[in-house]
Colleague: 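Pasting a structure here, questions to come.
Letters go in sequence order (proteins before strands), and every chain restarts at 1.
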Amino acid sequence: MSTLQAVRGMHDILPEDMPYWARLEQTLRDLFDAYGYSEVRLPIVEKTELFLRSIGEVTDIVEKEMYSFDDRNGESLTLRPEGTAGSVRAGIEHGLVQPQQTHKWWYSGPMFRHERPQKGRYRQFHQVGIEVFGLEGPDIDVELILLTRRLWQMLGLSTVVQLEINTLGSPESRHTFRQLLVDYFSAHRDRLDEDSLRRLERNPLRILDSKNPDLKDLIEGAPRLHDSLDDESRAHFAQLQAMLAGAGVAFVVNPHLVRGLDYYNRTVFEWKTDRLGAQAAVAAGGRYDGLVAQLGGKSVPAIGCAFGMERVVALLQDLGVAPAVAQVDVYVVLAGDAAVRVGFQLTEAWRDAVPGLRMVVNCGGGSFKAQFRRADRSHARWAVILGEDEVQKQVITLKPLREQGEQRQVAWMMVGATLKSLCG
RNA sequence: GUGGCUGUAGCUCAAUAGGUAGAGCACAGGAUUGUGAUUCCUGGUGUCGUGGGUUCGAUUCCCAUCAGCCACCCCA
């Protein structure tokens with residue numbers, strides 16, 4: 001094995017994987033078109049400060065997972081660990097995110113987090129994200145969930161994903177609740193495990209999500225977020241649930257569903273699967289009504305969500321949802337020097353005559369046997385044979401590879417028209 | 001970041017109580033010097049992840065390191 005290898009956690013996506021990716025990407029594109037969302041393409045590198053101010057300085061992402069480096073002028077830059085911060089920055093910078101205005105964006109691209117790699121968890125991974133600015137009602141929350149549900153339907157994944165929702169309340173109510181939790185768990189500090197003690201300092205809400213069975217009783221006795229909710233958030237969440245139920249969306253309210261990024265408030269949701277081990281979340285999102293103002297813009301409500309592309313692809317592969325094999329119409333067998341000499345002149349003329357013709361021209365020589373083997377493996381429907389005899393007679397031999405039938409000869413002048421009728 | 005498992009041909013995997021390695025698939029050529037299945041024959045598949053150590057000798061034992069995977073953690 002060579003000493004040259006990809007950087008840890010940064011994987012190659014090879015031709016055999018691409019049909020799954022292509023199908024997912026095309027499905028998403030169609031979906032966004034259907035719902036009226038616009039694509040944006042934003043930089044992969046942003047100022048480090050942007051992520052400190054949005055994601056939160058005491059989050060895992062910011063504290064230990066960011067790829068940060070100094071630019072040549074000494075400014076600290078970071079490979080984006082997620083897409084929302086850059087979207088908000090762009091929206092503010094271009095004056096697009098304004099009160100009373102709605103923008104519905106989507107983007108796609110690589111994200112970077114320095115985590116310990118596992119299947120479905122990479123240091124460079126790909127997300128498709130949605131960001132909606134300017135809508136504060138639960139209706140847009142529902143739309144994002146419906147859009148996502150439709151994606152699972154289109155991909156045939158509906159049976160392996162489940163929706164969980166929760167509300168985090170307003171920043172104020174969340175803050176109040178956080179303090180109640182800290183007080184409660186601090187009073188029972190001796191019963192907490194190591195992880196939870198650490199969480200107590202950094203993200204006390206996470207203790208509620210602990211998998212340690214020893215803490216079950218303690219957690220059940222803890223204050224409940226829903227008791228601290230402000231009335232507006234409570235109403236928002238109630239409407240959300242009513243609308244989801246009305247739209248026939250199956251969901252589970254998980255009061256322990258907490259997001260790891262500080263900017264979320266009110267609605268949060270997560271689509272989970274049990275097919276990917278510990279990497280259960282395949283898509284997740286929530287409201288971030290305070291973020292635009294927090295980053296210097298006007299006060300504009302917003303909501304977003306993101307899909308983990310590798311994880312969705314893994315589900316597609318896991319379920320054996322076989323993508324269509326790439327179709328080839330014609331494989332051109334070129335045998336002998338004379339055929340190779342006139343080969344491209346002819347094949348280019350056929351491409352002119354039949355736009356969109358999917359034609360593979362044999363390169364690299366080889367015996368008839370070898371070339372036919374390649375033709376077969378290309379899944380071509382037809383073989384066009386050009387050998388010494390054909391060049392001499394100015395014809396090609398046309399042979400069906402996928403169906404019964406005799407091969408026949410076609411004069412050079414007629415090949416374009418013939419291919420057009422067969423493959424056009 | 002913590003704990004654990006794994007690392008041999010392009011792929012899936014064997015083997016050697018330390019003496020430098022095989023099988024299937026795949027690939028190439030031929031039987032069929034102008035025709036893709038099957039069959040038969042032939043062929044190379046290789047720094048045994050990398051670097052040290054022990055040893056006359058290490059793919060095998062030890063250490064380190066790199067990578068993948070599993071759980072935790074975290075998250076998409």
Colleague: Whether A:Arg377 contacts B:C27 is assessed here as follows: a side-chain N or O lying under 4.0 Å from the phosphate OP1 or OP2. Is that the case?
Modeller: yes

Colleague: Return the nearest nucleotide to the side chain of A:Asp60; candidates are B:C73, B:G36, B:G34.
Modeller: B:C73

Colleague: Determine whether A:Arg374 and A:Asn362 make a side-chain contact, defined as any pair of heavy atoms from C-beta on separated by less than 4.5 Å.
Modeller: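 They are in side-chain contact.
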
Colleague: Got a donor-acceptor contact below 3.5 angstrom from the A:Asp183 side chain to the A:Leu180 backbone?
Modeller: no

Colleague: In this structure, how many angstroms lie between the P atom of B:A67 and the CD atom of A:Gln124, rounded?
Modeller: 16 Å

Colleague: Taking OH from A:Tyr331 and C1' from B:G34, how many angstroms apart are they, rounded to a whole number?
Modeller: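 In whole Å, B:G34 C1' lies 15 Å from A:Tyr331 OH.
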
Colleague: If you pin A:Val282 and A:Leu386 to their nearest nucleotides in RNA chain B, which one's is more 5'?
Modeller: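 Taking each residue's closest nucleotide, the earlier one in sequence belongs to A:Leu386.
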
Colleague: Closest to the A:Phe368 side chain: B:C72, B:A28, B:G34?
Modeller: B:G34

Colleague: Could you tell me how far B:G4 sits from B:U16 if I compare only their P atoms? Round to whole Å.
Modeller: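 That atom pair is separated by 28 Å.
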
Colleague: Return the nucleotide paired to B:A67: Watson-Crick means purine N1 to pyrimidine N3 with N6-O4 or O6-N4, wobble means G-U with N1-O2 and O6-N3, both under 3.5 Å.
Modeller: B:U6

Colleague: Describe the nucleic acid contact of A:Gly120 in one word from base, sugar-phosphate, nothing, applying a heavy-atom distance below 4.0 Å.
Modeller: base

Colleague: C1' atom, B:G24 versus B:U45: distance in rounded Å?
Modeller: 14 Å

Colleague: Whether the side chain of A:Lys399 and the base of B:U35 hold a donor-acceptor pair under 3.5 Å is what I'd like checked.
Modeller: yes

Colleague: Indicate whether A:Phe307 forms a stack on B:A76; treat it as stacked only if centroid distance is below 5.5 angstrom and interplanar angle below 30 degrees.
Modeller: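 Here the ring of A:Phe307 and the base of B:A76 are not stacked, as the 5.5 Å and 30° limits are not both satisfied.
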
Colleague: Got A:Trp271 and A:Phe307 here, is their nearest side-chain heavy-atom distance under 4.5 Å?
Modeller: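 They are not in contact (no side-chain heavy atoms under 4.5 Å apart), so the answer is no.
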
Colleague: Between B:A76, B:G34, B:G36, which nucleotide gets closest to the side-chain atoms of A:Tyr264?
Modeller: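 The closest nucleotide is B:A76.
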
Colleague: Any idea which of B:A28, B:G34, B:A76 is nearest the A:Glu388 side chain?
Modeller: B:G34

Colleague: Using atom CD of A:Gln118 as one end and atom P of B:G3 as the other, report the distance to the nearest whole Å.
Modeller: 15 Å

Colleague: Side chain of A:Arg373 only, heavy atoms from C-beta on: which candidate in B:G29, B:A76, B:U35 is closest?
Modeller: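 Nearest to the side-chain atoms of A:Arg373, counting from C-beta on, is B:G29.
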
Colleague: Could you state the atom-to-atom distance from CD of A:Glu16 to C1' of B:U12 in whole Å?
Modeller: 14 Å

Colleague: For a quick check of understanding: with a heavy-atom distance under 4.0 Å over all strands, which category does A:Lys119 fall into, base, sugar-phosphate or nothing?
Modeller: sugar-phosphate

Colleague: Apply the syn/anti split at 90° from 0 to B:A17 and say which one it is.
Modeller: syn

Colleague: B:G36, OP1 or OP2 - any side-chain N/O from A:Arg402 closer than 4.0 Å?
Modeller: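 For A:Arg402, the contact criterion (side-chain N or O under 4.0 Å from OP1 or OP2 of B:G36) is not met.
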
Colleague: Starting at NE2 of A:His379 and ending at P of B:A37, how long is that distance when rounded to a whole Å?
Modeller: 13 Å

Colleague: Is there a Watson-Crick or G-U wobble partner for B:U54 with both distances under 3.5 Å, and if so, which one is it?
Modeller: none

Colleague: Short question: side chain of A:Glu270, backbone of A:Ile165 - any donor-acceptor pair under 3.5 Å?
Modeller: no

Colleague: For the pair made of CG in A:Asn203 and P in B:C73, what is the distance, rounded to whole Å?
Modeller: 13 Å

Colleague: Salt-bridge test for A:Arg29 and A:Glu39: reply yes if a basic N is under 4.0 Å from a carboxylate O, no otherwise.
Modeller: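 A salt bridge links A:Arg29 with A:Glu39.
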
Colleague: Would you mind classifying the nucleic acid contact of A:Gly366 as base, sugar-phosphate or nothing, using non-hydrogen atoms under 4.0 angstrom?
Modeller: nothing

Colleague: Tell me, with the steps shown, if A:His11 and A:Tyr122 meet ring-ring contact (aromatic ring centres under 6.0 Å, His included).
Modeller: CA-CA 8 Å; A:His11 65 136; A:Tyr122 302 95; 4.0 Å; yes

Colleague: From the set B:C73, B:G34, B:A67, return the single nucleotide nearest to any side-chain atom of A:Glu390.
Modeller: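 Nearest listed nucleotide: B:G34.
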
Colleague: Does A:Ala283 reach a base, just sugar-phosphate, or nothing at all? Heavy atoms under 4.0 Å.
Modeller: sugar-phosphate

Colleague: For B:U35, take OP1 and OP2 only and decide whether either is under 4.0 Å from a side-chain N or O of A:Gln371.
Modeller: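 For B:U35, neither OP1 nor OP2 has a side-chain N or O of A:Gln371 closer than 4.0 Å.
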
Colleague: How far does the P atom of B:C69 sit from the matching atom of B:G36, given to the nearest Å?
Modeller: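 Looking at atom P only, B:C69 and B:G36 are 42 Å apart.
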
Colleague: Do A:Val330 and A:Arg358 have side chains that get closer than 4.5 Å, going by heavy atoms?
Modeller: no

Colleague: Of the listed nucleotides (B:C74, B:G4, B:U35), which one gets closest to any side-chain atom of A:Glu65?
Modeller: B:C74

Colleague: So A:Ala284, base contact, sugar-phosphate only, or nothing? Heavy-atom distance under 4.0 Å.
Modeller: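 Sugar-phosphate contact only.
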
Colleague: Distance between the P atoms of B:C25 and B:C40, in whole angstroms?
Modeller: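 Taking atom P in both B:C25 and B:C40, they lie 10 Å apart.
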
Colleague: Quick one: list whatever passes side-chain hydrogen bond (donor to acceptor under 3.5 Å, both in side chains) with A:Lys399, sequence neighbours left out.
Modeller: none

Colleague: When rounded to the nearest Å, what value does the distance between P atoms of B:A67 and B:C74 take?
Modeller: 24 Å

Colleague: Between A:Arg373 and A:Asp376, is the salt bridge (charged side-chain N to carboxylate O under 4.0 Å, His left out) condition met? List the steps.
Modeller: CA-CA 5 Å; A:Arg373 201 159 43 219; A:Asp376 188 43; over 6 Å; no

Colleague: When the ring planes of A:Tyr184 and A:His188 are compared, do they come out parallel, tilted or perpendicular, using 30° and 60° as the limits?
Modeller: tilted

Colleague: Nearest whole angstrom, please: distance from the C1' of B:U39 to the NZ of A:Lys369.
Modeller: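 Those two atoms, NZ and C1', are 11 Å apart.
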
Colleague: Could you work out the separation of B:G1 and B:A21 based on their P atoms and round it to a whole Å?
Modeller: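 Per the computed distance, 39 Å lies between those P atoms.
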
Colleague: In terms of side-chain heavy atoms, does A:Asp289 have a donor or acceptor partner in A:Asn265 at a distance below 3.5 Å?
Modeller: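 Yes, a side-chain donor-acceptor pair sits under 3.5 Å.
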
Colleague: Partner of B:G36 by Watson-Crick or G-U wobble geometry, both contacts under 3.5 Å, or none?
Modeller: none

Colleague: Please give me every residue in residues 162-170 of chain A whose heavy atoms get under 4.0 Å of an atom in RNA chain B, ordered by residue number.
Modeller: none

Colleague: For side-chain contact (heavy atoms from CB on, under 4.5 Å), just list the numbers for A:Phe133 and A:Val292, CA-CA rounded to whole Å, side-chain angles, deciding distance to a tenth of an Å, and then say yes or no.
Modeller: CA-CA 9 Å; A:Phe133 299 104; A:Val292 176; 4.1 Å; yes

Colleague: Could you tell me the Watson-Crick or G-U partner of B:G1, where both distances fall under 3.5 Å? Say none if there is no partner.
Modeller: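 B:G1 is paired, partner B:C72.
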
Colleague: So which nucleotide from B:A76, B:G34, B:G36 ends up closest to the side chain of A:Ile385?
Modeller: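 Looking only at side-chain atoms, A:Ile385 lies closest to B:G34.
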
Colleague: Say you pick atom P in B:C11 and the same atom in B:G3; how far apart are they, in whole Å?
Modeller: 31 Å

Colleague: Taking the side chain of A:Arg8 as its heavy atoms from C-beta onward, which of B:G4, B:G68, B:C73 lies nearest to it?
Modeller: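 Of the options given, the side chain of A:Arg8 lies nearest B:G68.
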
Colleague: Give A:Glu310 one of three labels, base, sugar-phosphate or nothing, depending on what nucleic acid heavy atoms sit under 4.0 Å from its own.
Modeller: nothing

Colleague: Can you tell me the base-pairing partner of B:C13? Count Watson-Crick or G-U wobble geometry only, both distances below 3.5 Å, and say none if there is no partner.
Modeller: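 When the pairing criteria are applied, B:G22 turns out to be the nucleotide that pairs with B:C13.
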
Colleague: With both distances kept under 3.5 Å, what pairs with B:C27, Watson-Crick or G-U wobble?
Modeller: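 WC or wobble partner is B:G43.
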
Colleague: Using heavy atoms to find the nearest nucleotide of RNA chain B for A:Arg116 and A:Glu403 separately, return the residue whose nucleotide is more 5′.
Modeller: A:Arg116

Colleague: Does A:Lys211 put a side-chain nitrogen or oxygen below 4.0 Å from OP1 or OP2 of B:C72?
Modeller: yes

Colleague: In whole angstrom, give me the gap between the C1' atoms of B:G18 and B:A28.
Modeller: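 Roughly 37 Å separates the two C1' atoms.
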
Colleague: Considering only heavy atoms and no angle criterion, is a donor-acceptor pair shorter than 3.5 Å present between the side chain of A:Arg121 and the base of B:C73?
Modeller: yes

